[in-house]
Every structure is written in C-alpha cells, then in structure tokens.
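Since the structure comes first, as structure tokens, the remarks are kept for the end.
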Amino acid sequence: MKSVLGLVAALSLGVAEVSGHYIFQQLGVASTKFSVFEHIRKNSNYNSPVTSLTSNDLRCNAGGESGANTVTVDVKAGDAFSFKTDTAVYHQGPISLYMSKAPGAASDYDGSGDWFKIYDWGPTFSGGQATWAMRSEYSYNIPKCIKDGEYLLRIQSLAIHNPGGVPQFYVSCAQVNVTGGGNATPGPTVKIPGAFKATDPGYTANIYNNFKSYTVPGPAPFSC
C-alpha cells in the first residue's frame, strides 16, 4: 500500500510540475491574432523548459530547429506584435525578445547565425520588493530601422525561481518577413547557444535573499 501511495504522490507532483510550466504558442501582428502555432515553430517537449546552456534547443526550443512546417508571416517594420502563452507565465525571471536575420527563407534557417536583442522585461524594485512581468501576453514592436528580409523572432522566459537549482528557459520562435525597414545593422549580436554563461549574475541570482538589483543575461537591447 505504501508503495502505491508513494507512486500516486510522485505522479501528482509530476502533474503539478507540468501544470506550472507554459509555452509561447500564439502570435499576434498588429490587430490580427493568429491560431496556435500558425506562425510559431511547434516544439516537441510539450511545455517543458530547456535547461542546458550548450544545447541548440536554446534557439527555438526542442523540435524548433526546422521551420519547414511553419508559415512565415509578413510584418511591417515598426508594427506591433505579441506572443501569448497557453498558461500565464508562472515563474519569476526576465522575459526577453530577440531577432536573427535568416540568410534566405526563415523556414530554412536553424538560428545558428547572429542574434540581437530588442527588449527585456526585468524586475521592478519598490519598497524592498521585486515585481516581475508575469502574465499571459507580451507585446512590443519590430524595430523600424532594420533591413527588410526574413527573420526568426524569438521570445525567452528565463525562470530563476529556484536558487541553487538549474534555471529554466521557456522559448519560442516565430517566422516573420519584415518589409518597409531601413538600413541599420543591429548590435551587439550573440550566438545561441553561447549568449548565456553559468557565471552570469542574472543567471545565478537568488531572488529571495538581499535581492536589490538585477542585470538580465545576454546582450544589451538594440534600438533604432
């Protein structure tokens, strides 16, 4: 009986852990909300995180190395876009947006080129407390000055809710074709994997002990 009860408890814990996870699965562009995974590469790990800093899955999640089954959507430079989750972001940590220009079609691109960051949602400190942007939808704008072409548009939630444990990356990539842009060369750029180090203060931060400042891992955001 004890072994059965133990198994039930373990299974219940597993369900609870999974229910606490999330996936960015729905893209919006301007006033249009698309269907689930319509322009976002579908992952193969349900809503589980990526935890290895050396894995190519950090780019577009497990199963997201190919965009052959994903339709690329046209966006105008300067357009608003949004990523929506299946369940609201549940874990404390920063949310970041990245882009990487494909050498050709975004559907053929594995994300092995250069990435630049366009925005971070970090913590807000007030009265000795930190508040994180934990919600179900995140919106920003395509930079007006970047060059026309096809890009991977990447959102990343870095969950650092378990100090001493392994931080978790929740990642999705949309495929977009930017039109009406400029001639800027965005920077700084990084490779993924490689952009995040196990020694980064923002990766190792203990958010429950003397937490008064925070630097989001990765490059500084690019702006026009």
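All of these numbers come straight from a predicted model, not from anything done at the bench. Scope of the values below: all heavy atoms of this structure, side chains included, with no hydrogens, waters or symmetry mates.
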*Verify whether one side chain among Asp148 and Thr179 offers a donor that lies under 3.5 Å from an acceptor in the other.*
no
_Donor-acceptor pair between Thr54 and Ser52 side chains, under 3.5 angstrom_ = yes
About how many Å separate [atom2] of [Y] and [atom1] of [X], when rounded to the nearest 0.5 Å?
X      : Y      : atom1 : atom2 : result
Tyr151 : Thr72  : OH    : OG1   : 13.5 Å
Tyr46  : Ser44  : OH    : OG    : 14.0 Å
Phe116 : Leu97  : CZ    : CG    : 11.0 Å
His39  : Leu27  : NE2   : CG    : 7.0 Å
Lys42  : Asn61  : NZ    : CG    : 10.5 Å
Arg41  : Gln175 : CZ    : CD    : 4.5 Å

Least distance between heavy atoms, [X] atom then [Y] atom:
X      : Y      : result
Asp120 : Pro221 : OD2-CG, 3.6 Å
Ser139 : Trp121 : O-CZ2, 3.4 Å
Asn177 : Asp74  : ND2-OD1, 2.9 Å

Flag, side chain of [X] to backbone of [Y], donor-acceptor distance under 3.5 Å:
X      : Y     : answer
Asp86  : Ile23 : yes
Ser157 : Ile95 : no
Asn43  : Gly63 : no

Let me check something: any side-chain donor-acceptor pairs from residues 183-202 under 3.5 Å, sequence neighbours excluded? List them with distances.
residue	atom	partner	partner atom	Å
Lys191	NZ	Asp114	OD1	3.1
Lys197	NZ	Gly194	O	2.7
Asp200	OD2	Lys197	N	2.8

*When you look at NZ of Lys84, are more than 12 heavy atoms from neighbouring residues, nucleotides or ligands closer to it than 6.0 Å?*
no
*asked:* Tell me if the CG atom of Asn206 is crowded by more than 12 foreign heavy atoms within 6.0 Å.
replied: yes
*Please report the C-alpha distance between Val216 and Lys117 in whole Å, then the side-chain angles of each, then the deciding distance to 0.1 Å, and finally whether the side chain to side chain contact (heavy atoms under 4.5 Å, CB included) criterion is met.*
CA-CA 11 Å; Val216 179; Lys117 185 191 287 185; 3.8 Å; yes
Quick one: are [X] and [Y] in side-chain contact, heavy atoms under 4.5 Å?
X      : Y      : answer
Met99  : Val178 : yes
Tyr98  : Pro219 : yes
Ile142 : Leu153 : yes
Phe81  : Val75  : no
Glu137 : Gln26  : no
Pro217 : Leu158 : yes
His21  : Pro49  : yes
Gln92  : Met134 : yes

*State yes or no: are the ring centers of Tyr22 and Tyr170 separated by less than 6.0 Å?*
yes
*asked:* I'd like to know whether Ile40 forms a side chain to side chain contact (heavy atoms under 4.5 Å, CB included) with Phe34, so could you lay out the CA-CA distance, the side-chain angles of the two residues, the decisive distance to 0.1 Å, and finally the verdict.
replied: CA-CA 10 Å; Ile40 293 176; Phe34 298 104; over 6 Å; no
*Which pairs with one or both residues in residues 34-95 pass disulfide (SG to SG under 2.5 Å), sequence neighbours excluded?*
Cys60-Cys173
_Would you say Val71 ends up clustered with Val176 if hydrophobic residues are merged whenever their side chains have heavy atoms under 4.5 Å apart, either directly or through other cluster members?_
no
Less than 3.5 Å apart, which donor and acceptor atoms pair up between the side chains of residues 104-111 and the rest of the protein, not counting sequence neighbours?
residue	atom	partner	partner atom	Å
Tyr109	OH	Ser100	OG	2.6
Tyr109	OH	Gly113	N	2.9
Asp110	OD1	Ser112	N	3.0
Asp110	OD1	Ser112	OG	2.7

*Tyr214 and Ile207: side chain to side chain contact (heavy atoms under 4.5 Å, CB included), yes or no, with the steps?*
CA-CA 9 Å; Tyr214 184 78; Ile207 62 174; 5.8 Å; no
*asked:* Under the criterion side chain to side chain contact (heavy atoms under 4.5 Å, CB included), I'd like the reasoning laid out for Tyr119 against Tyr138: C-alpha separation, chi angles, the key distance, then a yes or no.
replied: CA-CA 11 Å; Tyr119 197 71; Tyr138 297 85; over 6 Å; no
